[in-house]
K.L.:
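Questions regarding the structure given below will be posed in turn.
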Amino acid sequence: MRYLILGSGPAGIAAAREARRLDKAAEIVVATEEHAAPYLRPALPDLVSGERELPAMANPLAKDLEELGIRLLRGKRARRVDAGGNRVLFTDGTGEGYNFLCIATGARPLAPPALAAVPGFSLVLNSLGDATRLRERAMRSDHTVVFGPGYLGIEAARALRMAGNQVTWISPGPPRTGNPIPPDVEAQIVERLRSKGVKTREGAEIADVIDVDGRSCDVVTTAGETIRCSLVVAAVERFPGVDFLEGSGVKAATGILVSEYLATDVSNIYAAGDCAEVHDILLGKSRINFGWRSAVKQGQLAGGNMAGGGGVYIRNAEDYFGQLLGDSLLERIG
Ligand SMILES: Cc1cc2nc3c(=O)[nH]c(=O)nc-3n(C[C@H](O)[C@H](O)[C@H](O)COP(=O)(O)OP(=O)(O)OC[C@H]3O[C@@H](n4cnc5c(N)ncnc54)[C@H](O)[C@@H]3O)c2cc1C
């Protein structure tokens, strides 16, 4: 038996481990576009702020993959799933076959289009590479504009302020998906950020970004304000990237549509984590349960079900985007 798992985030790693637990003899391969070893995505802001160094970013769930006989193929970005031929084709021209496939490709940030025009002034905060670049840029920047709703915007603003930057946080309003932070808690957090020197602009989008002199740029907001800065950071909502599934027969809406067993429409293909729009048997509808804990739980279920288990996903309130590491948001801001 050969299990192929796409993505080395928490869902992919959990799926591989669970498949191994249930099937000792199987060949298990995790293929990921990442070049870095699996890491703790929720700790990225701490790398930016300087509270955590690179060695402490490793995902402990992935430390013994080799001993478990799970092969990790890095730098492999899935381009197409040939469901008829049970094969995934990668952008580097190679391919991997499977008996069962688990898609755990997470989600990607959707940055404001205006930032594409000024790549030298803008960075996203999503991957280990992004956080490393951001840390390095923060050392050279004096004023940074952070754009993004809710938790991600708050964490990026906090981290960059701790790294010594003047920070203006533009919050476009509550996130479009998922469970927003309760308004009273968010109000307290915003107040604390302000007391730490973060300037806040609520209810605005980025309309344009204009290069002023090669070293600074003007961020124009939809509220009509112009903010001069040396860096713009998009700490924005993430949405599943499902283009590579076109023509595969795997159905997707916002995310990959899966049953409560995390099975797709194609009988030997499963999906788990932030890329999966799961049928919630309690609510009677499909939704994406973004968050680390939910990704681990879904990964375990999908990995187990590929290997003959029969687990059903039941969402608990605490699965969703709970603080994974350390203190609550309020305590982190101090
Ligand atoms: C800055 C930040 C802070 C966060 N903080 C928290 C927090 O405090 N608590 C919390 O619960 N959640 C937090 N999250 C969200 C959490 O990290 C995600 O919900 C979780 O990582 C989802 O896990 P996943 O395995 O589904 O996907 P991901 O972690 O996104 O992993 C998917 C993997 O698949 C790879 N991939 C994508 N497309 C392809 C392809 N075509 N081919 C091959 N590989 C591919 C990606 O590179 C990635 O390695 C945070 C996210 C960010 C960005």
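Counting starts at 1 for both ligands and their atoms, following the listed order. Residue indices begin at 1 and follow the sequence shown. Keep in mind that what you see is a predicted model, and the values were worked out from it rather than measured.
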K.L.:
Please report the shortest heavy-atom distance between Ile28 and Ala16, naming the atom on each side.
P.N.:
CD1-O, 3.8 Å
K.L.:
Between Gln166 (side chain) and His143 (backbone), is there a donor-acceptor pair under 3.5 Å?
P.N.:
no
K.L.:
Is there a donor-acceptor pair under 3.5 Å between the side chain of Thr94 and the backbone N or O of Phe90?
P.N.:
no
K.L.:
Keeping Asp82 on the side-chain end and Gly85 on the backbone end, is there a donor-acceptor pair under 3.5 Å?
P.N.:
yes
K.L.:
State which residue, out of Pro240, Ser294, Cys275, fulfils the side chain to side chain contact (heavy atoms under 4.5 Å, CB included) condition with Ile288.
P.N.:
Pro240
K.L.:
Considering only heavy atoms, which of Asn289, Leu44, Leu152 lies nearest to atom 52 (C) of ligand 1?
P.N.:
Leu152
K.L.:
If we set the cut-off at 4.0 Å for heavy atoms, which region of Glu155 has an atom near ligand 1: side chain, backbone, both, or neither?
P.N.:
neither
K.L.:
Heavy atom of Pro10 under 4.0 Å from ligand 1?
P.N.:
yes
K.L.:
Give the atoms of ligand 1, by number and element, whose distance to some non-hydrogen atom of Gly273 is under 4.0 Å.
P.N.:
26 (O)
K.L.:
Going by the order shown, which atoms of ligand 1 are within less than 4.0 Å of some heavy atom of Gly9?
P.N.:
25 (O), 29 (O), 31 (O), 33 (C)
K.L.:
Check each of Arg41, Arg293, Glu33, Glu237 against atom 36 (N) of ligand 1 and report the one with the nearest heavy atom.
P.N.:
Glu33
K.L.:
Have a look at ligand 1 and work out which part of Ala156, if any, has a heavy atom under 4.0 Å from it: side chain, backbone, both or neither.
P.N.:
neither
K.L.:
Please step through side chain to side chain contact (heavy atoms under 4.5 Å, CB included) for the pair Phe147 and Leu115, ending with a clear verdict.
P.N.:
CA-CA 11 Å; Phe147 176 79; Leu115 297 187; 5.9 Å; no
K.L.:
Give the numbers and elements of all ligand 1 atoms closer than 4.0 Å to a heavy atom of Gly106.
P.N.:
26 (O), 27 (O), 28 (P), 30 (O), 32 (C)
K.L.:
Determine whether any heavy atom of Gln298 lies closer than 4.0 Å to an atom of ligand 1.
P.N.:
no
K.L.:
Keeping Tyr313 on the side-chain end and Leu301 on the backbone end, is there a donor-acceptor pair under 3.5 Å?
P.N.:
no
K.L.:
Select one of side chain, backbone, both or neither to describe which atoms of Arg79 lie under 4.0 Å from any atom of ligand 1, heavy atoms only.
P.N.:
neither
K.L.:
Ala107 heavy atoms, cut-off 4.0 Å: which ligand 1 atoms fall inside?
P.N.:
30 (O)
K.L.:
I'd like to know if Arg21 and Glu18 make a salt bridge, using a cut-off of under 4.0 Å between side-chain N and carboxylate O.
P.N.:
yes
K.L.:
Using a strict cut-off of 4.0 Å, indicate which atoms of ligand 1 neighbour a heavy atom of Lys76.
P.N.:
42 (N), 43 (C)
K.L.:
Evaluate the criterion side chain to side chain contact (heavy atoms under 4.5 Å, CB included) for residue pair Asp130 and Leu134; output intermediate values, then yes/no.
P.N.:
CA-CA 6 Å; Asp130 296 334; Leu134 195 44; 5.9 Å; no
K.L.:
Is there side-chain contact between Leu101 and Val266, with heavy atoms separated by less than 4.5 Å?
P.N.:
no
K.L.:
At under 4.0 Å between heavy atoms, which part of Pro109 makes contact with ligand 1: side chain, backbone, both or neither?
P.N.:
neither
K.L.:
Is there at least one pair of N or O atoms, one from Asn126 and one from ligand 1, spaced under 3.5 Å apart?
P.N.:
no
K.L.:
For ligand 1, is any non-hydrogen atom under 4.0 Å from Phe90's backbone (N, CA, C, O), its side chain (CB onward), both, or neither?
P.N.:
neither
K.L.:
What atoms of ligand 1 come closer than 4.0 angstrom to any heavy atom of Ala11?
P.N.:
25 (O), 26 (O)
K.L.:
Checking Glu155 against Arg41 for the salt bridge (Lys or Arg N to Asp or Glu O under 4.0 Å) test, could you report, in this order, the C-alpha distance in whole Å, the side-chain angles of both residues, the deciding distance, and whether it holds?
P.N.:
CA-CA 12 Å; Glu155 271 292 86; Arg41 199 176 297 278; over 6 Å; no
K.L.:
Determine the sole option in Arg238, Arg293, Arg108, Arg287 for which the salt bridge (charged side-chain N to carboxylate O under 4.0 Å, His left out) test with Asp274 is passed.
P.N.:
Arg238
K.L.:
So which bit of Leu6 gets within less than 4.0 Å of ligand 1, heavy atoms only: side chain, backbone, both or neither?
P.N.:
neither
K.L.:
Do Arg158 and Ser49 meet the criterion of a side-chain donor-acceptor pair at a distance under 3.5 Å?
P.N.:
no
K.L.:
Show me which atoms of ligand 1 lie under 4.0 Å from any heavy atom of Gly291.
P.N.:
11 (O), 12 (N), 19 (O)
K.L.:
Would Leu125 count as a polar contact of ligand 1, with the cut-off being nitrogen or oxygen pairs under 3.5 Å?
P.N.:
no
K.L.:
Check each atom of ligand 1 against the heavy atoms of Arg77 and keep those under 4.0 Å away; list them by number with element.
P.N.:
41 (N), 42 (N), 43 (C)
K.L.:
So which bit of Ala295 gets within less than 4.0 Å of ligand 1, heavy atoms only: side chain, backbone, both or neither?
P.N.:
side chain
